[in-house]
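The structure under discussion appears below in the form of structure tokens.
The structure presented is a predicted model; accordingly, all values stated were derived computationally and were not measured. Lettering of chains follows the sequences in order, A, B, ..., and the numbering in each one begins at 1.
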There are 2 protein chains.
Amino acid sequence: MNVTPIRKQNKRRENELLILQAAEKVFAEAGFGGATMQLIADVADLPKANVHYYFSTKEALYRQVVSNIFDIWLKAAESFENASGPAEGIGAYIDAKMEISRTHPAGSKVWASEVMHGAPIIQDYLETALADWTSGRISVINQWIERGLMDPISPRHLLYLIWSSTQHYADFGHQIQTLNNGTSLTDDDWQVAKTAVKQIILKGIGVMP
Amino acid sequence: MNVTPIRKQNKRRENELLILQAAEKVFAEAGFGGATMQLIADVADLPKANVHYYFSTKEALYRQVVSNIFDIWLKAAESFENASGPAEGIGAYIDAKMEISRTHPAGSKVWASEVMHGAPIIQDYLETALADWTSGRISVINQWIERGLMDPISPRHLLYLIWSSTQHYADFGHQIQTLNNGTSLTDDDWQVAKTAVKQIILKGIGVMP
DNA sequence: CCAAATCTTGACCGTATGGTCAAGACTATG
DNA sequence: CATAGTCTTGACCATACGGTCAAGATTTGG
């Protein structure tokens, strides 16, 4: 008599997704140490024991959350690819990262929290996937510099500045909102933010008049 | 027979300082939820009960730590004052903030963690001291823009970009170190970082050729 | 319709945590 | 050196946490 009968095969996937979404939210708000399995279960509207059925330990659940976030970021980083030059590539990358900060702030916070506390769980991600991606991008930027398409800026520190300035809008969203008279940023506010960040960085590296 | 007899009057101050330093370190590494009074006591090399003698609750201790950090930042922000123009004022401010990230990374992490989790403890700081300071600085920047000393950038978002890019070297120091072959930044590395950040931002707002 | 597999859940357990307390040690001062 | 004030500390407590478990409900496939 169920209106929307749930296939058993989908059940696992659906419940895992439900739990992961709740966990991301709770981990972002309370940090790993401050988050409780009970609260995650409450947010997911499931008994705690049921959460443990799908994710054996708190750490396993947390690791899955962080892993998902990292995948999203790697996908966004593709904007860097196939770019003809820095104005296009870096501009698109900033746009993509700003969009993630807007639509996925909880994930950004979880990542920031994890790294800030020494990346005890996902150190291997930093050393492999992130390190590889970074050195690849540094090569691309160095080629742009050699071709005279932008100023000779340290690519490494340029990347850090892009990461920090875009993720700031997610990680420090609460502070930004407080300084915005306690109200969320509007569409226009986000547009202004995006424009300001892009203008400063692009002009700062010499690809905008 | 004590070689360095401790005056009773100084005892309180010294022990409080000892505990505050230990607490800042532990809160930075583990977050508020992950930190334990026992670990703070161990780092301070005192019995846990003794820590509770000086700071009645974990939250009181935490609040004091965050308060101290905020004072340091406000002091650094004075570099903004008495500046004749944006090149000098913003340049000095970036220098000061980079120096804090280098010498006081734990404090920066505690602040970031607190804000990221919605500033449950120090919301009043955001609404009063920080909001006041920010609106004051926005006025100064707007005057610079009106006088044609820099490009017409949204002052608010310029401040966010300065905060994020400088604090990133403290908050994400572990990630930066991992991407630096696992070794700490050298004096030269810090010089390069400072130069890169300043060049991009100053040129980006039109105060550098 | 049956049996195997999967999912659900309340009750439970050991541990670790923030915080308390009272007895004692130390220090300043008259 | 006596006494009041301050500091130190091991032992202790209630609570909350991550995780377990076994009994039952539900679904799947033959």
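- Look at NZ on B/Lys48: it is 10 Å from P on C/dT20, rounded to the nearest Å.
- In this structure, the CD atom of A/Glu14 is 13 Å from the P atom of D/dT27, given to the nearest Å.
- In this structure, B/Ala35 reaches the sugar-phosphate backbone alone: every heavy-atom distance under 4.0 Å involves primed, P, OP1 or OP2 atoms, never a base.
- A sub-4.0 Å separation between OP1 or OP2 of D/dT8 and a side-chain N or O of B/Lys11 is present.
- Residue A/Leu39 contributes atom CG, which lies 10 Å from atom P of D/dG18 at whole-angstrom precision.
- For the pair A/Ile19 CD1 and C/dC7 P, the interatomic distance rounds to 11 Å; values are reported in whole Å.
- A side-chain N or O of A/Glu114 and one of A/Tyr62 form a donor-acceptor pair less than 3.5 Å apart.
- For C/dT6, the OP1/OP2 oxygens have no side-chain nitrogen or oxygen of A/Arg12 closer than 4.0 Å.
- Under 4.0 angstrom from either OP1 or OP2 of D/dG19 there lies no side-chain N or O belonging to A/Tyr53.
- If B/Pro47 and A/Glu59 are placed on DNA chain D by their nearest nucleotide, the residue sitting closer to the 5' end is B/Pro47.
- Regarding contacts with the backbone of D/dT6, every side-chain N or O of B/Asn15 stays at 4.0 angstrom or more from both OP1 and OP2.
- Classification of the A/Tyr160-A/His157 ring pair by plane angle, with boundaries at 30° and 60°, yields perpendicular.
- Among the protein residues, A/Ala41 comes within range of no part of the nucleic acid, since none of its heavy atoms lies under 4.0 Å from any strand.
- Atom CG of A/Asn50 is separated from atom P of D/dG19 by 16 Å (rounded to the nearest Å).
- Salt-bridge check for A/Arg12 with A/Glu16: passed, with a basic side-chain N closer than 4.0 Å to an acidic carboxylate O.
- As a whole-Å value, the separation of A/Arg13 CZ from C/dC7 C1' is 16 Å.
- Counting only heavy atoms from C-beta on, B/Ala49 has its side chain closest to D/dG10 among D/dT8, D/dG10, C/dT8.
- Side-chain proximity of A/His52 to C/dG18, C/dT6, D/dT20: nearest is D/dT20.
- Rounding to whole angstrom units, NZ of residue B/Lys58 and C1' of D/dA16 are separated by 13 Å.
- Atom-to-atom, CG of B/Leu46 to P of D/dG10 comes out at 11 Å; the value is rounded to the nearest Å.
- Between B/Phe80 and B/Trp133, the angle of the ring planes goes over 60°, which puts this pair in the perpendicular group of the 30/60° scheme.
- The main-chain N or O of B/Gly173 is never found under 3.5 Å from a side-chain atom of B/Lys109 such that the two would form a donor-acceptor pair.
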